[in-house]
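These notes are about the structure you will find just below.
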Number of protein chains: 2
Amino acid sequence: MLSKKTKYGLKALTFIARSEGDSPVQVGEIAKSEQIPQKFLEGILLTLRKSGILGSKKGKHGGYYLRQEPSEIKMTDVMRVLEGPIAMIPCVSLNYYEKCYDCPDEHQCSVHKLMIEVRDNTLQVFRNTTLADLSGV
Amino acid sequence: MLSKKTKYGLKALTFIARSEGDSPVQVGEIAKSEQIPQKFLEGILLTLRKSGILGSKKGKHGGYYLRQEPSEIKMTDVMRVLEGPIAMIPCVSLNYYEKCYDCPDEHQCSVHKLMIEVRDNTLQVFRNTTLADLSGV
DNA sequence: GTAATCCCTACTAAATTGATAGGAATAATA
DNA sequence: TATTATTCCTATCAATTTAGTAGGGATTAC
């Protein structure tokens, strides 16, 4: 299941991409428009900022803005920040690999083989999709 | 993340497929060989039996067996029984559709569009993979 | 009748999720 | 300088899910 965090994060990014203006976009504005609990969204945008996807401006008239063009922001990066590893199981994760304690030889593991395929297909989608595709910008 | 339940279930099915003999395969045998807690595995195999993928024989010399040839057992069915919906979000689920309470028009939702693509790609993998592919039988 | 096996229910500890609360730090502006 | 609006940070919490354990009933082979 996609977490609410990821869902809200994607919606917020889309909203920001569509609000391309001079001034940054405020959390309250996004929260209200997308029906997301504001305090929850605050934390999500903070995560996105710390990961380098968003920039922020503090204080009055502050808010968030994209650090790159929407067409440069790939879903692989966004999803890894929000949802974590793309692989469904650590033993096939490119970025968070971990051996299965119960698997003597993973090249003979049926689950491993299947999950490699799922991962590759999902990766292909995320690599070929940018925020521009999501937001229509 | 793939649950342990699903991982164990897939390994057990693979084991049973590879043990094609006259007599059914016993839980204890699978648990020992695949390093799965036996009581936990019992419940998983029960689920697979109730869903019609496995058959069982009770009593002494009892155990579990496949109801179809491995090449007839599709991953779509297995995954739905073990892991639940294949879609990452209910609003793109074919079998467990649910509207997002916060989404006025899902055809304009960026998350929706992305998750449809992921779902289609994952479905393609599961539709084209059978237990025979997993077990090499 | 005994032993082995599946079947079923109930329980539990730990982790995760989806928040909420309160306030510190910062910046614009009157 | 004081006020206000905003991001930033930490802590807490309730509900749910996950992974597993426990105990015993029902059924079958021998």
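By convention in this document, chain letters (A, B, ...) are assigned in the order of the sequence lines, proteins followed by strands, and residues within each chain are numbered from 1. Values in this document were obtained by computation on a predicted structure and should not be read as measured data. When reading the values below, keep in mind they use all heavy atoms of this one structure, side chains included, and skip hydrogens, waters and symmetry mates.
Side chains of B:Ile86 and B:Asn95 form no contact here, defined as non-hydrogen atoms less than 4.5 Å apart. Within the 4.5 Å cutoff, side-chain heavy atoms of B:Tyr64 are placed close to those of B:Leu46. The closest side-chain heavy-atom distance from A:Met1 to B:Pro90 is below 4.5 Å. Residues A:Leu13 and A:Ile53 meet the side-chain proximity criterion, which asks for heavy atoms closer than 4.5 Å. No side-chain heavy atom of A:Leu82 sits under 4.5 Å from any side-chain heavy atom of A:Tyr8. Within the 4.5 Å cutoff, no side-chain heavy atoms of B:Val78 are placed close to those of B:Phe126. Between A:Leu2 and B:Val111 there is a side-chain heavy-atom pair separated by less than 4.5 Å. Between A:Leu10 and A:Met79, the closest side-chain pair of non-hydrogen atoms falls below 4.5 Å.
Whole-Å rounding puts the A:Glu29 CD to D:dT6 P distance at 10 Å.
For the helix from C:dG1-D:dC30 to C:dA30-D:dT1, the angle separating the two terminal helix axes comes to 10°, with each axis derived from five pairs and the value rounded to 10°.
Reading DNA chain C from its 5' end, the first and the last nucleotide to sit under 4.0 Å from a heavy atom of chain B are C:dA4 to C:dC8.
Residues meeting the side-chain contact (heavy atoms from CB on, under 4.5 Å) test with B:Ser110, sequence neighbours left out: A:Thr14, A:Leu134. With sequence neighbours excluded, the residues satisfying salt bridge (charged side-chain N to carboxylate O under 4.0 Å, His left out) with A:Lys39 are A:Glu42. Under the ring-ring contact (aromatic ring centres under 6.0 Å, His included) criterion, A:Tyr97 pairs with no residue at all, not counting sequence neighbours. Annotation: salt bridge (charged side-chain N to carboxylate O under 4.0 Å, His left out) contacts of B:Asp102 (sequence neighbours excluded): A:Lys7, A:Lys11.
Across all their heavy atoms, A:Tyr65 and A:Ser56 have their closest contact at CE2-N, 3.5 Å.
Contacts with DNA chain D (heavy atom under 4.0 Å) in residues 90-98 of chain B: none are found. For DNA chain C, the residues of residues 37-55 of chain B within the heavy-atom distance limit of 4.0 Å (strictly under) are B:Lys39, B:Glu42, B:Leu46, B:Arg49, B:Lys50, sorted by number. The stretch residues 8-19 of chain B touches DNA chain D through B:Tyr8, each having a heavy atom within less than 4.0 Å of the strand.
Every pair tested for salt bridge (Lys or Arg N to Asp or Glu O under 4.0 Å) that includes a residue from residues 67-76 of chain B fails, sequence neighbours excluded, so the list is empty. Note on residues 115-133 of chain A: no pairs pass salt bridge (Lys or Arg N to Asp or Glu O under 4.0 Å), not counting sequence neighbours.
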Polar pairs (N or O, both sides) under 3.5 Å between protein and nucleotides 27-30 of chain D?
from: D:dT28; atom 1: O2; to: B:Lys60; atom 2: N; distance (Å): 3.2
from: D:dA29; atom 1: O3'; to: B:His61; atom 2: ND1; distance (Å): 3.3
from: D:dC30; atom 1: OP1; to: B:His61; atom 2: ND1; distance (Å): 3.3

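The environment of CD in A:Glu98 is sparse: at most 12 heavy-atom neighbours from other residues, nucleotides or ligands sit within 6.0 Å.
Distance alone, capped at 3.5 Å, places no donor-acceptor pair between the B:Ser33 side chain and the B:Glu29 backbone.
The residue A:Gly28 sits apart from the nucleic acid: no heavy atom pair falls under 4.0 Å.
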